[in-house]
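Structure record follows, encoded as structure tokens.
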Amino acid sequence: MAMIESVGDSRTAAAAGESVDPGMWIPDTEERHLHAFIREVRLTEGEWERGIEFLTATGHITDDRRQEFILLSDVLGASMQTVTVNNEARGEATEATVFGPFFVEDSPEVPIGGDIAGGATGQPCWVEGTVRTADGRPLAGARIEVWEADDNGMYDVQYDEERTSARAHLFSDADGRYAFWALTPTPYPIPHDGPVGSLLAAVGRSPMRASHLHFMVTAPGMRRLVTHIFVRGDELLDSDSVFGVKDSLIMDFAEQSADAPAPDGRDLDGSAWARVEFDIVLADGE
């Protein structure tokens, strides 16, 4: 096989019948658009050097608890665009949105009606709903991963000490129903003390995310769903820093008075609380 002198040569090689890794098509297109961008903005050598320094700093700050490259993808809208092109509307299936950088494997399991807070601070919130197929069939045993920030705007992995809080997983029951206690979502800034924060500041953009609760739902034979639910009335819905809001995912978080009885009889120590219902529809797998 002849040597491919540049990424762009892969199309020529394939046309000549030579074996080329299918993944080469993405760098081909990326290369063309990158070259066009450089020509359009007349990139200077100094700007090129600052770009390399930015990417190097992004790599240096990334570790197993902080993914600065995902943050970069999120604030550039690349994450949301990728979600959109890979999750076209499928009937009544619940819409997907960005994954975010704070998911952690091996979250603790809680039973239906359990509490995911794990000591995280915030207003208690009862979350309930069903998981079903597009034709209405309940999905028993669907795995529901949930995670969120506390009312300080921090995820557990952002604290210095090791902790697991405001994240867990549970399984839907025989009728596809699920329920758990969480925290009422509040707005928070994405980490902006690194390169991505400097980028946002340079272009005058806020790092604030609209209030949300993360979900990842899986079931055999069904397409995985990664999504959020957002709080209706949040003033940041139109300016979410990662472009993640979709109208269908905006929910009513109904405020409950301190003397209102909890759905499961829980003693809330005289605290006000909230409740939300989120019915999930999974698309058929491929």
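Counting from 1, the numbers follow the sequence of the chain as shown. Every heavy atom of this structure was used, including side-chain atoms; hydrogens, water molecules and symmetry mates were not.
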Query - Presence of salt bridge, E68 and R66, under 4.0 angstrom - result: yes
Query - Summary of ring pair (Phe, Tyr, Trp, His ring centres under 6.0 Å) pairs that have at least one residue in residues 62-88, sequence neighbours excluded - result: none
Query - Lys/Arg-Asp/Glu bridge criterion (N-O < 4.0 Å) met for E128, R275 - result: yes
Query raised in the report: Without hydrogens or angle criteria, can the side chains of D259 and S257 be said to hold a donor-acceptor pair below 3.5 Å?
Result: yes
Query raised in the report: Would you say the ring centroid of H33 lies under 6.0 angstrom from that of H35?
Result: no
Query - Side-chain ion pair, D279 and R132, N-O less than 4.0 Å - result: no
Requested in this report: Show the numbers, then the answer: is there a side chain to side chain contact (heavy atoms under 4.5 Å, CB included) between I116 and E148?
Outcome: CA-CA 9 Å; I116 76 164; E148 63 178 325; 3.9 Å; yes
Query - Q158 side-chain N/O to Y155 backbone N/O, donor-acceptor pair under 3.5 Å - result: yes
Query raised in the report: Can you tell me if H169 and S107 form a side-chain donor-acceptor pair at under 3.5 Å?
Result: yes
Query - Flag side-chain contact, heavy atom, 4.5 Å: H228 against F99 - result: no
Residues 244-255 side chain polar contacts: donor-acceptor under 3.5 Å, at least two apart:
{"unit_1": "K246", "atom_1": "NZ", "unit_2": "A96", "atom_2": "O", "d": "3.0"}
{"unit_1": "S248", "atom_1": "OG", "unit_2": "E95", "atom_2": "OE1", "d": "2.5"}
{"unit_1": "D252", "atom_1": "OD1", "unit_2": "R232", "atom_2": "NE", "d": "2.6"}
{"unit_1": "E255", "atom_1": "OE1", "unit_2": "Q123", "atom_2": "NE2", "d": "3.0"}

Query raised in the report: Would W147 and F102 count as a close aromatic pair, with their ring centres under 6.0 Å?
Result: no
Report task. May I ask you to check whether Y188 and H212 place their ring centers less than 6.0 Å from one another? Result -> yes
**Report entry** Between S211 and T186: side-chain donor-acceptor atoms closer than 3.5 Å
**Finding:** no
Query raised in the report: Is it the case that T44 and E47 place a side-chain donor and acceptor less than 3.5 Å from each other?
Result: yes
Query raised in the report: Are the charged groups of E145 and R143 less than 4.0 angstrom apart, N to O?
Result: yes
Query raised in the report: Between W181 and W126, is the ring centre distance below 6.0 Å?
Result: yes
Query - Between R205 and H192: side-chain donor-acceptor atoms closer than 3.5 Å - result: no
Query raised in the report: For residues D151 and T121, is any side-chain donor paired with an opposing acceptor at under 3.5 Å?
Result: yes
Query - side chain to side chain contact (heavy atoms under 4.5 Å, CB included) between V157 and R167, intermediate numbers included - result: CA-CA 11 Å; V157 295; R167 73 172 69 243; 4.2 Å; yes
**Report entry** Within 6.0 angstrom of R224 CZ, more than 12 heavy atoms from elsewhere
**Finding:** no
